[in-house]
Protein chains: 2
Amino acid sequence: MSGKTVQAIVNTLKGRGEKITPARKGILEVLASTDQLLNVAEIYEALRTNGVFVNYSTVYRTLDYLSKNNLIEKLVVTGENKYKLLKHREHIHHLICKKCHSTQPFDYCPYDDLKDIIKAKTNFLPLEHRLEIYGYCEECQKKHNSNYK
Amino acid sequence: MSGKTVQAIVNTLKGRGEKITPARKGILEVLASTDQLLNVAEIYEALRTNGVFVNYSTVYRTLDYLSKNNLIEKLVVTGENKYKLLKHREHIHHLICKKCHSTQPFDYCPYDDLKDIIKAKTNFLPLEHRLEIYGYCEECQKKHNSNYK
DNA sequence: CCCCTAGATGCAAATGATTTGCAATTGCAT
DNA sequence: ATGCAATTGCAAATCATTTGCATCTAGGGG
Ligand SMILES: [Mn+2]
Ligand SMILES: [Mn+2]
Ligand SMILES: [Zn+2]
Ligand SMILES: [Zn+2]
């Protein structure tokens, strides 16, 4: 499921005259293979699982590089830096489990209305936003088949 | 404007049998004197401006302490830890300037509807949320009296 | 008011994540 | 195949935050 997306992104990069290196392609493949947000250590480990043995500093530099090129997104979740692939022009938020720390994408966004309200009530010019929801994922609710309400 | 609020909070602490120390009262006063989110260095500096010369580790420990006691809130903004006083039972979000990094509270929250949508569309149990808006504050818009749209 | 002690603080060292300088390597255009 | 700018590995530096421990202190009891 990763193949096509990654190849398309790689072609985008090539079109911009950028170099394609194992670290770059490797990280794109790692991020394309999941819908979870991954932290740096997870990316580093997944890379070597995939046979890509790059240095930690290269992982950091490459994540910066891909972020600046708007191919991935970095977000801070519970004090931890996490990364995800930016597919198409999607705009999504995440549901984050407080127990197992799994994340799942969620495609609804209340920002359009919110933006208008801000403009109406303040002189602030809203441009971007960050929204995350914390709670319990389905598995963790079952596992502790208890009485969260 | 800080006096009454801080005194009320201090009384709350005393009621719980907690000790009131210069660091605790000092940090509460610093946070009560602004509606900005402050980072650790700003809090440290404000303390000594106010004649409270405590160690950095004390600032960290006290911020943890006050957070755990639900008197202040810690939030991560653009990779930086920031703190605010928790007054009453207010629930607000923040408008954060991308230029000058000032923050201003904003009291509208789209979460009620959002929560229902999540429950309708997923098996995730939403409990908390984080929402921040990034853009340009009034001053920064004027200063660069330019053509943001 | 003085004592006493659990808890708070100062200090310096440890930690952990991220960044950086530099020499060696590599992608890719020619 | 060659050349060079960009990328990488490595080790050291940085930076925010945490921690161990000896010393202080807030505030309750006498
Ligand atoms: Mn959104
Ligand atoms: Mn809200
Ligand atoms: Zn979970
Ligand atoms: Zn501003």
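Small disclaimer: the values here were computed from a predicted structure and weren't measured.
Residue-to-nucleotide contacts include no donor-acceptor pair under 3.5 Å from the side chain of R61(B) to the base of dG7(C).
Nucleic acid contact for Y44(A): none, since no nucleic acid atom lies under 4.0 Å from a heavy atom of the residue. Note on A23(B): only backbone sugar-phosphate atoms sit closer than 4.0 angstrom, heavy atoms only; bases stay farther off. Nucleic acid contact for S57(B): base, since at least one base atom lies under 4.0 Å from a heavy atom of the residue.
Rounded to a whole Å, the CG atom of L13(B) is 10 Å from the P atom of dG27(D). Rounded to a whole Å, the CG atom of N55(A) is 17 Å from the P atom of dA23(C). To the nearest angstrom, C1' of dG10(C) lies 15 Å from CG of L47(B). Atom OH in Y83(A) sits about 7 Å away from atom P in dT18(C), given to the nearest Å. One atom, NZ of K14(A), and another, C1' of dC28(C), lie 10 Å apart when rounded to the nearest Å. Between the NZ atom of K74(B) and the P atom of dA16(D) there is a distance of 14 Å, given to the nearest Å. Rounded to an integer number of Å, the gap from CD of E18(B) to C1' of dG28(D) is 14 Å. Straight-line distance from the OH atom of Y65(A) to the C1' atom of dT8(D): 14 Å, rounded to whole Å.
A distance-only check finds no donor-acceptor pair linking the side chain of N50(B) to the backbone of V52(B) [under 3.5 Å]. One N or O on the side chain of T12(A) and one on the backbone of A8(A) form a donor-acceptor pair closer than 3.5 Å.
When the side-chain nitrogen and oxygen atoms of N81(B) are compared with OP1 and OP2 of dT17(D), one or more of them lie within a distance under 4.0 Å.
Remark: D112(B) engages K115(B) in a salt bridge, criterion side-chain N to carboxylate O under 4.0 Å. Between E132(B) and R130(B) a salt bridge is recorded (basic side-chain N to carboxylate O distance below 4.0 Å).
Between dT17(D), dT25(D), dT19(C), one nucleotide has an atom nearer to the side chain of V40(B) than all others, and that is dT17(D). In this structure, of dT26(C), dT19(C), dG27(D), it is dG27(D) that holds the atom nearest to the side chain of K19(B). When distances are taken from the side chain of R24(A) to each of dA26(D), dC10(D), dT7(D), the shortest belongs to dT7(D).
The shortest side-chain heavy-atom distance between H91(B) and C109(B) falls under the 4.5 Å cut-off.
Place T21(B) and T21(A) on DNA chain D by their nearest nucleotides, and T21(A) ends up nearer the 5' end.
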